[in-house]
2 protein chains.
Amino acid sequence: MQQDPLKSFGLRLVQLRKSKGLSQEKLALESGIARSYLSGVERGQRNIALLNIHKLADTLGIPASSLLELPDD
Amino acid sequence: MQQDPLKSFGLRLVQLRKSKGLSQEKLALESGIARSYLSGVERGQRNIALLNIHKLADTLGIPASSLLELPDD
DNA sequence: GTGTGACTTTGAGTCCGTC
DNA sequence: TGACGGACTCAAAGTCACA
């Protein structure tokens, strides 16, 4: 049963960001996204659009599709 | 050399939709998205957000991540 | 059955800040 | 280092008529 896609995405993003040893601030800065917005995305409160998904994926050095995969629990 | 993520997503969506034998009209209706909006997405003119990506993926019966993979061209 | 332009409303995304 | 809020701006979302 698929839960909230936004929460799922946020969790996955946190996991990938930490695995690269980045802070929210650094990831936000390097991908050109507002820090407070990124915080909201990671908490599943924001409905991020495709271009920003790609920006984050690029910064993390992974394909965008892998950002949409389900987080490990 | 496919670089525009929106165009890439649109192409991929068209391919998947046709492979399921659906019209834009039917896909739009079943996923609860406006047809003219869907048309814009398929042509890479709309920056679709995560929740709508999931709606389309659900209707197509595929994981959202597979919608973000690159189209075969 | 699809492309497109014009339009309105809602929320995506920014920037300031505090805890 | 990250959660969270207020106050903004502009684009995503959605609708329509017509090609």
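Residue numbers begin at 1 in each chain, while the letters A, B, ... track the order of the sequences.
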The reported gap from OG1 in T59(B) to CG in L27(B) (rounded to nearest 0.5 angstrom) is 6.0 Å
dist E69(B):CD -> S8(B):OG (nearest 0.5 Å) comes out at 10.5 Å
To the nearest angstrom, the CG-C1' distance between L29(A) and dG2(D) comes to 16 Å
In short, salt bridge (Lys or Arg N to Asp or Glu O under 4.0 Å) pairs touching residues 28-47 of chain A with sequence neighbours left out are R17(A)-E42(A), K26(A)-E30(A)
Rounded to the nearest 0.5 angstrom, the CZ-CG distance for F9(A) and L56(A) is 6.0 Å
Margin query: With a sphere of 6.0 Å drawn around CD of Q45(B), does it hold more than 12 non-hydrogen atoms of other residues, nucleotides or ligands?
Written below: yes
note: L27(A), atom CG; dA3(D), atom P; distance rounded to Å ~ 13 Å
Under a 4.0 Å heavy-atom criterion, the protein footprint on nucleotides 13-19 of chain D, written with B, S and -, is BBBB---
L38(A) backbone acceptor or donor facing Q24(A) side chain under 3.5 Å: no
| query | Honestly curious: do L70(A) and V41(A) fall in one hydrophobic cluster under the side-chain, below-4.5 Å linking rule? | reply | no
Hydrophobic cluster identity match, L22(B) and I62(B), side-chain contacts under 4.5 Å
yes
Taken to the nearest 0.5 Å, the spacing of S31(B) OG from N52(B) CG works out to 8.0 Å
Rounded to whole Å, CD of E25(A) lies from P of dG2(D) at a distance of 8 Å
Where the side chain of N47(A) meets the backbone of L51(B), is there a donor-acceptor pair that is under 3.5 Å apart?
yes
So CG of L68(A) and CG of L68(B): to nearest 0.5 Å the spacing works out to 4.0 Å
Atom CD of Q45(A) and atom P of dG6(D) are separated, to the nearest Å, by 13 Å
DNA chain C: first to last nucleotide in contact with chain A (atom under 4.0 angstrom from a heavy atom), 5' to 3', is dA12(C) to dG17(C)
Residue set satisfying side chain to side chain contact (heavy atoms under 4.5 Å, CB included) with L29(A), at least two apart, ordered chain then number -> none
The bend of the helix from dT2(C)-dA19(D) to dC19(C)-dG2(D), taken between the axes of its five terminal pairs at each end and rounded to 10°, is 50°
Output for pair (L67(B) CG, I53(B) CD1), nearest 0.5 Å, gives 7.5 Å
Under a 4.0 Å heavy-atom cutoff, the residues of residues 15-24 of chain A touching DNA chain C are none
Could you tell me whether the phosphate oxygens of dG2(D), OP1 or OP2, come under 4.0 Å of any side-chain nitrogen or oxygen in S39(A)?
no
